[in-house]
Amino acid sequence: MEYILSYPLTSLIVTLGAYSFSVWLQKKAGSHSLLNPVVITIGLAVIFISMSGIGYETYMEGANFIHFLLGPATVALAVPLYKQLQMIKKQAIAVITSVLTACFISGFLAWFIASQMGAAQDIQLSIISKSVTTAIAIGIAEKIGTASSLAVFFVFTTGILGTLFSSFIFKIVKIDEDKAVGFSLGATCHGLGVAKAFQKSETAGAFSVLGMSLMGLVSGILMPLVILFFL
Amino acid sequence: MVNALLIILCCQFTGEMIVHFSGVAIPSSVVGMVILLVGLIIKGSVPDDLDKTTSEFIKYIGLLFVPAGAGVSLYLNLIAEQWLVILAASFTATIATLILTAYAFKLLEKKRGT
């Protein structure tokens, strides 16, 4: 039994199977955003790791084949960003200022509150990239030497919290413009924010993709540099 | 498909080499992304093959987060212990970022538009 559970193909099949099941489940439940397939798949993988007792390292022997593809997938993100570039030309100042605002506020504020409230070092560092799209947040975590799994956890916590409260928040602060709301959703809540923005309108969706990709690019360059400078 | 993959892997490889030999603290995949972006800007369009392959890749990008995310199994105790800090920091920073980013965008967009 132990041989079967720790065989690399087993982890690979469990992960792909869990993902396929989670996608099916979300469709079945009318694409509810709280039933995020990635979150459910991670939950199922965690259950598999602890129930089987094989430990994370053994699990990764198989799952590494999937993990390896993150690098190429990150490079591929250049294509959607390129397609949105025309929009930047018209709104260059707004776009650049907003993305720097998102980068600074999300990173600094999360780190500041976590450090003031006495969070563990790993939490303080991996929470900084919470608004960055997952693939790049993992890259940042690996670069600054903190737990990439915690980074993924915070990215999804942020995406879920943000999309749950965004409609309410934007109503309170009276911001309803498609472009501003879309860009902010993408820059703050990455992929989950993009899905939310497309529910509002096509324009909001397009600007959310721009917000997400630029936020990833800018944070991927600035965050490790700044963090390693102060560490 | 093969050509598109080759382009992507070469960008990543070049990124890796740049990071390795310059020692700059940027994730190599992000450098690879910049290289591809610059290439596309110079070329002025996205080749069909590359467009199809990347959109297929990105469609399943969520699956690729699972192995790293599953590592959270090592931190369940830490998260249970510090859930209040985590919630406070996540919630405050998320709401503040949502508001300030949208506000900055709205403010500057108006100035240009009118």
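Throughout, protein chains are lettered first and strands after them, A, B, ... in sequence-line order, and every chain is numbered starting at 1.
- If you measure heavy-atom distances from A/P37 to chain B, you find no contacts under 4.5 Å at all.
- With a threshold of 4.5 angstrom between heavy atoms, A/L100 does not approach chain B through any atom at all.
- With a 4.5 angstrom heavy-atom cutoff, B/L5 does not touch chain A via any of its atoms.
- Ranked by heavy-atom pairs shorter than 4.5 Å toward chain A, the options B/I79, B/L40, B/I41, B/V19 are led by B/L40.
- The contact between B/I8 and chain A is made by backbone and side chain atoms together, counting heavy-atom distances below 4.5 Å.
- Of the listed residues (A/S11, A/G43, A/A45, A/A114), the one with the most heavy-atom contacts under 4.5 Å to chain B is A/A114.
- For chain B, the nearby part of A/V173 is the side chain; its heavy atoms alone come within less than 4.5 Å.
- Between the side chain of A/Y56 and the backbone N or O of B/P67, at least one donor-acceptor pair lies under 3.5 Å.
- A/A151 does not touch chain B: none of its heavy atoms, backbone or side chain, sits under 4.5 Å away.
- In this structure, the portions of B/F91 lying under 4.5 Å from any heavy atom of chain A include both its backbone and its side chain.
- Of the two parts of A/V152, only the side chain, counted from C-beta on, holds a non-hydrogen atom closer than 4.5 Å to a non-hydrogen atom of chain B.
- Across all non-hydrogen atoms, the minimal contact from B/Q12 to A/P72 is OE1-CD, 3.2 Å.
- Listed options A/A180, A/C189, A/G55 were ranked by heavy-atom pairs under 4.5 angstrom with chain B; first place goes to A/A180.
- Heavy-atom distances place no part of A/S50 under 4.5 Å from chain B, backbone and side chain included.
- Side-chain contact check for A/T101 and B/Y103: no donor-acceptor pair (N or O, by modelled atom type) lies under 3.5 Å.
- In this structure, chain B has no heavy atom under 4.5 Å from any part of A/V155.
- Under the 3.5 Å distance criterion, the side-chain polar atoms of A/Y82 are matched with a main-chain donor or acceptor of B/S45.
- Counting heavy-atom pairs closer than 4.5 Å to chain A, the top-ranked of the candidates B/V31, B/L9, B/L74, B/L50 is B/L74.
- Note on A/A120, A/S148, A/A137: by heavy-atom pairs under 4.5 Å with chain B, the leading option is A/A120.
- Side-chain polar atoms of A/T188 and A/S131 form no donor-acceptor pair below 3.5 angstrom.
- Residue with the most contacts toward chain B among A/L150, A/I136, A/I172: A/L150 (heavy-atom pairs, distance under 4.5 Å).
- In summary, the side chains of A/K130 and B/T94 do present a donor paired with an acceptor at a separation below 3.5 Å, with no hydrogens or angles considered.
- Interface residue A/Y59: only side-chain heavy atoms are found under 4.5 Å from chain B.
- Between the side chain of A/Q124 and the main chain of A/A119, a donor-acceptor pair closer than 3.5 Å is present.
- Under a 3.5 Å cut-off, the side chain of A/N64 and the backbone N or O of A/H67 do not form any donor-acceptor pair.
- Considering only heavy-atom pairs separated by less than 4.5 Å from chain B, the leading option among A/T157, A/T41, A/L222 is A/T41.
- Taking the six-membered ring for Trp and thresholds of 30 and 60 degrees, A/F108 and A/W111 have ring planes inclined between 30 and 60 degrees apart.
- With a threshold of 4.5 angstrom between heavy atoms, A/I66 approaches chain B through its backbone and through its side chain.
- Between chain A and the residues B/A96, B/P27, B/G32, the most heavy-atom pairs under 4.5 angstrom are made by B/P27.
- Between chain A and the options B/S55, B/C11, B/A4, B/S73, heavy-atom pairs under 4.5 Å are most frequent for B/S73.
- Looking at A/D122, only its side chain comes within 4.5 Å of chain B, counting heavy atoms on both sides.
- Residue A/T163 holds its OG1 atom at 5.5 Å from CG of A/L192, rounded to the nearest 0.5 Å.
- In terms of heavy-atom pairs under 4.5 Å with chain A, the best-connected choice from B/G39, B/A88, B/S90 is B/S90.
- With a 4.5 Å cut-off on non-hydrogen atoms, A/F112 does not touch chain B at all.
- Contacts between A/L217 and chain B at a heavy-atom distance below 4.5 Å involve backbone atoms as well as side-chain atoms.
- Using a distance-only test at 3.5 Å, with no hydrogens or angles considered, no donor-acceptor pair links the side chain of A/S20 to the main chain of A/L16.
- Interface residue B/Q82: only side-chain heavy atoms are found under 4.5 Å from chain A.
- Distance check: A/I140 CD1 to A/I128 CD1 gives 9.5 Å after rounding to the nearest 0.5 Å.
- Ranked by non-hydrogen atom pairs under 4.5 Å with chain A, the options B/A68, B/A104, B/G15 are led by B/A68.
- Note that the CG atom of A/L70 and the CZ atom of B/F57 stand 9.0 Å from one another [nearest 0.5 Å].
- Nearest heavy atoms, A/M212 versus A/V194: SD-CG2, 4.0 Å.
- Heavy-atom distances place both the backbone and the side chain of A/K179 under 4.5 Å from chain B.
- Using a 4.5 Å cut-off between heavy atoms, A/I169 contacts chain B through its side chain alone, with no backbone atom that close.
- Of the listed residues (A/F48, A/Y19, A/F153, A/F68), the one with the most heavy-atom contacts under 4.5 Å to chain B is A/Y19.
- Every pair passing side chain to side chain donor-acceptor pair (under 3.5 Å) that includes a residue from residues 15-39 of chain B is listed here, sequence neighbours excluded: B/E16-B/S28.
- Only the side chain of B/Y75 has a heavy atom closer than 4.5 Å to any heavy atom of chain A.
- With hydrogens and angles ignored, the 3.5 Å screen pairs no side-chain donor or acceptor of A/S219 with any backbone N or O of A/G216.
- A salt bridge links A/K83 with B/D51: the distance from a Lys NZ or Arg NE/NH1/NH2 to an Asp or Glu carboxylate oxygen falls below 4.0 Å.
- Counting only distance, with no hydrogens or angles, the side chain of A/S184 and the backbone of A/V181 share no donor-acceptor pair below 3.5 Å.
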